[in-house]
**Q** 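I'd like to ask you about the structure that follows.
Just so you know, residue 1 is the first one in the sequence shown, and it goes up from there. In this text the structure is predicted, and so the values were computed from the model without any measurement.
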Amino acid sequence: MIKNRNLYGDLAFAETAESLRVNLAAMQIGSEDRIVGITASGDLLLSVLAAGPKAVVGFDANSSQTAIAYLKAASILVLSVEDYKKFMGLEDMPASMRVQILTRVSRAVPNRSRRQLLRMGDLVAKGILNSGMSHMIVELLVSMARFAMSKDTLALFLGEHGTARDRAEKLRKIRDSLAVRRVVRPLLRRLAPRLKWLLFPHRFCVTSNRPEEIIHDFFTVFKALLEQGIRANPVLCRAALGELHQEWNRHLYSETAFAAIRNNFGRISLHTADFTSGLQEIADGWATRVYLSNMPDYLSDEQLKLLVMEVKRASAPGARIVYYSLYDKDLLPDLGPTIPTAELQALRDGDDVFIYPTIMVRTREQAS
């Protein structure tokens, strides 16, 4: 039953699961850059658009992701930052008013996406940023933690008090406890082959054993995340605590960013297609920046080869290619050389999300 219920099938990502700050630093966008990337929630591509590039093209196989990205862009055209936050669910607004705004702003959205958005009216009425599978998973894990931990221990890991050293010591005691060693970890190992279908996109589960490894070794995989505290995490903070991390205000939810997005609105186009197929519509050497998110995690070896071939063809010499992975290895070593070691390490050291063990930036080889 769990395997047949693909909870990522409709709207998977209402918000990005990566740091806007790290991505923008990794891409180093200039006014002449042409970006092609995964649409996902649309947040990253909109923050990229605010940086003033020449063009932004997004592809996503999930039509719901295309629709929500268009909804965000169209809303920014007519709403202030505060009204946008209310409409999207970051702050309170009557459901009926959200539906009215949806009807109005969706007129600026392409017809196919508009029809899909109108079918998603219930999600919009609740505040669409409070939907999405990734948001639901964080809420579920916090609810489970409330049941399994004392109030003080939970507050410690949420970052409401204590230091990273306090959390590291508490985590060590939890991992070494008899209950975790004899009961929790063996139980997670047994349940992982089933739980993975609830917690991860099915395509990732089909192509990889990594979801099972993440589940049964949870305390090790997310050690840095837990030691930092959830409040300091720009991706998890709001779903876990109901508070918006300041990184969002600095890189997207500001009148400066909104004004830039409005000025550059004609430079973005979003399409429903898997990324490799979408790239085939891009001219040779067109893209100066490529953003893959962790999409390679979902691909077979053969599909990875096709992706590498298309990225190389569509990228200009010297193009920066940014991608993530839930694996602790690089899936795309053939894309080209990495950026300088010190620069890449600085990006990784600056990551405060701690979801992806691999953060990579490669460059397309310069023409000989």
Side-chain angles (χ1 to χ4, degrees), residues 13-58 65 68-93 97-98 101-102 104-109 124 127-130 231-239 242-270 288-291 293 320 322 346-347 350-353 361:
F13 306 106
E15 293 177 297
T16 184
E18 301 157 11
S19 167
L20 298 177
R21 174 180 50 79
V22 170
N23 271 311
L24 292 171
M27 282 190 272
Q28 296 186 357
I29 298 158
S31 60
E32 294 301 310
D33 280 318
R34 299 178 297 273
I35 294 92
V36 60
I38 291 289
T39 302
S41 68
D43 296 318
L44 191 276
L45 293 189
L46 288 172
S47 66
V48 164
L49 186 64
K54 197 168 188 177
V56 179
V57 178
Q65 301 297 157
I68 190 178
Y70 265 127
L71 176 65
K72 291 177 178 181
S75 300
I76 288 172
L77 285 178
V78 297
L79 299 178
S80 67
V81 173
E82 286 307 307
D83 286 343
Y84 179 92
K85 288 181 176 181
K86 293 175 181 177
F87 173 54
M88 290 291 167
L90 297 173
E91 297 177 7
D92 291 338
M93 173 180 275
M97 187 174 295
R98 288 193 178 116
I101 293 174
L102 169 64
R104 176 162 57 98
V105 302
S106 64
R107 296 192 183 106
V109 172
V124 175
I128 203 161
L129 294 187
N130 299 319
R231 185 183 295 276
N233 190 306
V235 169
L236 304 182
C237 179
R238 192 178 72 84
E243 301 174 7
L244 185 67
H245 193 279
Q246 284 304 305
E247 181 173 304
W248 289 89
N249 294 326
R250 286 193 292 268
H251 298 289
L252 185 57
Y253 300 147
S254 72
E255 291 296 350
T256 301
F258 273 34
I261 291 170
R262 292 178 193 123
N263 290 337
N264 301 329
F265 184 75
R267 304 178 191 179
I268 189 170
S269 61
L270 306 171
T288 62
R289 300 289 185 269
V290 180
Y291 164 68
S293 185
R320 293 171 76 95
V322 180
L347 287 172
D351 176 47
D352 51 5
V353 174
V361 185

**Q** Working to the nearest 0.5 angstrom, can you tell me the gap between Arg21 CZ and Asp352 CG?
**A** 4.5 Å

**Q** Please report the interatomic distance CD1(Ile38) to CD(Gln65), rounded to the nearest 0.5 Å.
**A** 10.5 Å

**Q** Find the distance between OH (Tyr70) and OG (Ser269) and round it off to the nearest 0.5 Å.
**A** 6.0 Å

**Q** Taking only residues at least two apart or on different chains, which pairs with a member in residues 68-80 satisfy salt bridge (Lys or Arg N to Asp or Glu O under 4.0 Å)?
**A** Asp43-Lys72

**Q** Using 0.5 Å steps for rounding, measure from the CD1 atom of Ile128 to the CG atom of Leu71.
**A** 6.0 Å

**Q** Who pairs with Ser106 by side chain to side chain contact (heavy atoms under 4.5 Å, CB included), at least two apart in sequence or on another chain?
**A** Leu102, Arg114, Leu118

**Q** Any donor and acceptor pair, going by atom type alone, linking the side chain of Arg320 with main-chain N or O of Ala26 inside 3.5 Å?
**A** yes

**Q** Please name all residues satisfying salt bridge (Lys or Arg N to Asp or Glu O under 4.0 Å) with Glu32, sequence neighbours left out, ordered by chain then number.
**A** Lys54

**Q** Given 3.5 Å as the limit, does a donor-acceptor pair link the side chain of Arg238 with the main chain of Leu129, or not?
**A** yes

**Q** Is a side-chain donor or acceptor of Glu243 paired with a backbone partner of Arg231 at a separation under 3.5 angstrom?
**A** no

**Q** Could you tell me the separation between the CG atom of Leu77 and the CZ atom of Phe258, rounded to the nearest 0.5 Å?
**A** 10.0 Å

**Q** Measuring from atom OG1 of Thr16 to atom CG of Leu44, what distance do you get when rounded to the nearest 0.5 angstrom?
**A** 5.5 Å

**Q** Sequence neighbours excluded, which residues qualify as side chain to side chain contact (heavy atoms under 4.5 Å, CB included) partners of Ala74?
**A** Ala108, Val109

**Q** Could you tell me whether the side chain of Ile261 reaches within less than 4.5 Å of the side chain of Leu252, counting heavy atoms only?
**A** yes

**Q** Donor-acceptor pairs are to be reported for all side-chain atoms of residues 78-88 against protein atoms at under 3.5 Å, with residues two or more places apart or in another chain.
**A**
from, atom 1, to, atom 2, distance (Å)
Ser80, OG, Asp83, N, 3.2
Lys85, NZ, Asn249, OD1, 3.0

**Q** Can you list everything that forms a side chain to side chain donor-acceptor pair (under 3.5 Å) with Thr288? Sequence neighbours excluded, please.
**A** Asp33

**Q** Testing the basics here: between Gly89 and Asn130, what is the closest heavy-atom pair and its distance to 0.1 Å?
**A** O-ND2, 3.2 Å

